[in-house]
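Because only heavy atoms are used, hydrogens play no part in the values below, and waters and symmetry mates are left out as well, while side chains stay in. All values reported here derive from a predicted model rather than from experimental measurement.
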Amino acid sequence: MKDSANLTIGKIFYVLVFFQFPLLYIFHKGHTIPFYASYDGNYYKTLVKELSSDVWEFINEDQNKLASIQTFVMQLQSKNEGIKDAEEYELVKDTISSYLIDTALEDVTNNIFHLPKPEKTHDYPENWQSCLETPPKLRGQLEVDLNQTAGPKSFSEIATDSPALKSGGHWSPAYCKAKNRVAIVIPYRNREIHLRYFLMYMHKTLQRQELDYQIFVVNQVDDNSFNRAKLLNVGFVEAMKQYDWQCFVFHDVDLVLENDKCLYRCPEMPRHISVAIDKFKYKLLYAAIFGGITSMTTDQYIQLNGYSNLFWGWGGEDDDMFNRIRFANMKILRPPPTTARFKMIKHDHESSNKPNPKRFSLLKNSLSRMSEDGLNSLEYTVKAIHKFPTHTMIDVDLGNDGRPKAKVTLQQLRPQT
């Protein structure tokens, strides 16, 4: 009888492994990705093998979790003599999957990151009405020329075109209460031409969308490999020190929106915005993609513990965030490709942003790292903050082993109210 119970437990865990990660099927189909995809089929063939062992590694590394899950499974078995039919199969699969997720996320909840106190908060006149649900000045499809002979406008010319911009690239409607307060965070290093094109087009677009917004450019000034995800974490923390933002748009500097009806408002669930890009023939690269331009509410970002800080070099950090979202039982939303259209500014790959050779090994333990790798482990040194008319530039040293670092601690932060 004991052998029979153990065999049934093994079957249930087998079900758990392959249904806890619905993205495995997507990754397994990697060989069907178009030739212009960022990752080739071999990437996903490797990733699927590593992800399939993630649950086992997570359980085995913590004997308390292993014991509690085994007890839970035995309780289920006391009520059933195995899995009898497809309906019971689905019930047991869903029950154990939910139980494992809840157990895994306990550590994230216990180590929650609390927001810093902002220097100022929004202060709209009480007699103002809310802005309209559909902003009246939207144009739809826009003419975006990223190959101008004279290049993009200068920063001063861009500021002149938007005289209502406040210091640091902050703007809000002067005639109605904005629907949302949105921080735009750009990970950055040595891309001035791209930044000028971005600001030249996006300020006007965001103003027509009637957002209370500010553009934060997080500039990595150290000589380490580029760390996009860690820069986004820095941007989140530093932006929250300045204003009570409701949500964030994490935005690559080389993408410019072609249709202003794709609103950058706060999403109900994490949102992947850069659905259709001209470089990729306006097609979604693969179903699990969560890179380029994404959006989350402040609370969602904290619940996920932000991005991982460990992805130095190109690739992997967006897949790691995709995993975190799935583990947290959140859904990923996408706007329709008819409006979420973007042009990508051409550029050469930087020598300092080579593919990250550790991305596969990091991705296979996304779940076990989630509670301790992110906002609550973030260390960096702010070298300078420049509040230009068009944007806020945050010069940051992301640190390395042996370097002095400024660590975000709970003592420096206030509890949420």
Side-chain angles (χ1 to χ4, degrees), residues 13-30 33 38-39 43-59 61 65 69 90 92-109 111-112 229 232-233 248 250 267-275 284-297 299-311 315-334 359-375:
F13 276 115
Y14 179 83
V15 171
L16 170 62
V17 169
F18 285 94
F19 285 89
Q20 174 63 32
F21 300 102
L23 70 162
L24 289 178
Y25 174 76
I26 297 167
F27 288 153
H28 183 67
K29 299 283 287 184
I33 295 174
S38 298
Y39 304 125
Y43 175 90
Y44 294 100
K45 290 176 183 177
T46 303
L47 187 61
V48 66
K49 295 177 182 177
E50 294 174 338
L51 281 176
S52 65
S53 65
D54 191 23
V55 170
W56 293 107
E57 289 193 8
F58 173 73
I59 292 173
E61 74 181 11
K65 287 186 175 66
I69 292 174
E90 291 296 325
V92 173
K93 177 196 71 176
D94 292 341
T95 302
I96 297 180
S97 296
S98 298
Y99 182 81
L100 178 64
I101 290 173
D102 292 342
T103 304
L105 294 180
E106 281 181 8
D107 291 338
V108 177
T109 303
N111 296 309
I112 195 72
L232 297 179
N233 284 343
F248 283 73
F250 302 105
E268 294 181 4
M269 285 285 182
R271 190 176 186 224
H272 176 237
I273 301 177
S274 51
V275 173
L284 190 69
L285 287 181
Y286 53 97
I289 191 171
F290 197 74
I293 307 171
T294 57
S295 178
M296 299 182 217
T297 67
D299 288 342
Q300 288 164 0
Y301 199 71
I302 292 174
Q303 183 179 349
L304 296 168
N305 200 19
Y307 278 87
S308 166
N309 297 313
L310 302 180
F311 286 83
E317 83 287 340
D318 49 349
D319 293 318
D320 188 80
M321 176 54 79
F322 177 89
N323 291 344
R324 292 184 181 216
I325 292 169
R326 290 292 193 182
F327 295 146
N329 266 346
M330 297 181 188
K331 295 181 179 180
I332 292 176
L333 305 179
R334 288 192 174 98
R359 62 189 184 277
F360 297 116
S361 58
L362 286 170
L363 284 169
K364 75 176 183 179
N365 59 21
S366 294
L367 179 58
S368 60
R369 280 186 296 100
M370 186 173 172
S371 66
E372 58 190 26
D373 170 25
L375 290 174

Exercise. Between the side chain of S274 and the main-chain N/O of G291, is any donor-acceptor distance below 3.5 Å?
Worked result: yes
Problem set entry | N/O donor-acceptor pair under 3.5 Å between R324 side chain and L304 backbone | yes
Problem set entry | Point-to-point distance, once rounded to the nearest 0.5 Å, from CG of N329 to CE of M269 | 9.0 Å
For this session: Enter the distance from N323:CG to R369:CZ here, rounded to the nearest 0.5 Å.
Result: 8.5 Å
Exercise. Is there side-chain contact between D320 and L362, with at least one heavy-atom pair below 4.5 Å?
Worked result: no
Exercise. Do any N or O atoms from the side chain of Q300 and from the backbone of E268 form a donor-acceptor pair under 3.5 angstrom?
Worked result: yes
Problem set entry | Counterpart residues, ring pair (Phe, Tyr, Trp, His ring centres under 6.0 Å), relative to F250 (two or more places apart) | F248, Y301
Exercise. Among I325, I293, L333, L284, which one satisfies side-chain contact (heavy atoms from CB on, under 4.5 Å) with H272?
Worked result: L284
Exercise. So, for R334 and A287, which heavy atoms are closest and what is the spacing to 0.1 Å?
Worked result: NH2-O, 3.1 Å
Problem set entry | Result of checking D318, L363, D319 against F311 for side-chain contact (heavy atoms from CB on, under 4.5 Å) | L363
Problem set entry | Distance in Å, T294 OG1 paired with L232 CG, rounded so as to fall on 0.5 Å steps | 7.0 Å
Seminar exercise, completed: Minimal heavy-atom distance between M321 and G306, with the atoms involved, is CE-O, 3.3 Å
Exercise. Judged by atom type as modelled, is there a donor-acceptor pair below 3.5 Å linking the side chain of N305 to the main-chain atoms of L375?
Worked result: yes
Exercise. Got a donor-acceptor contact below 3.5 angstrom from the D373 side chain to the S308 backbone?
Worked result: no
Exercise. Out of curiosity, F322 CZ to E317 CD, how far, rounded to the nearest 0.5 Å?
Worked result: 14.5 Å
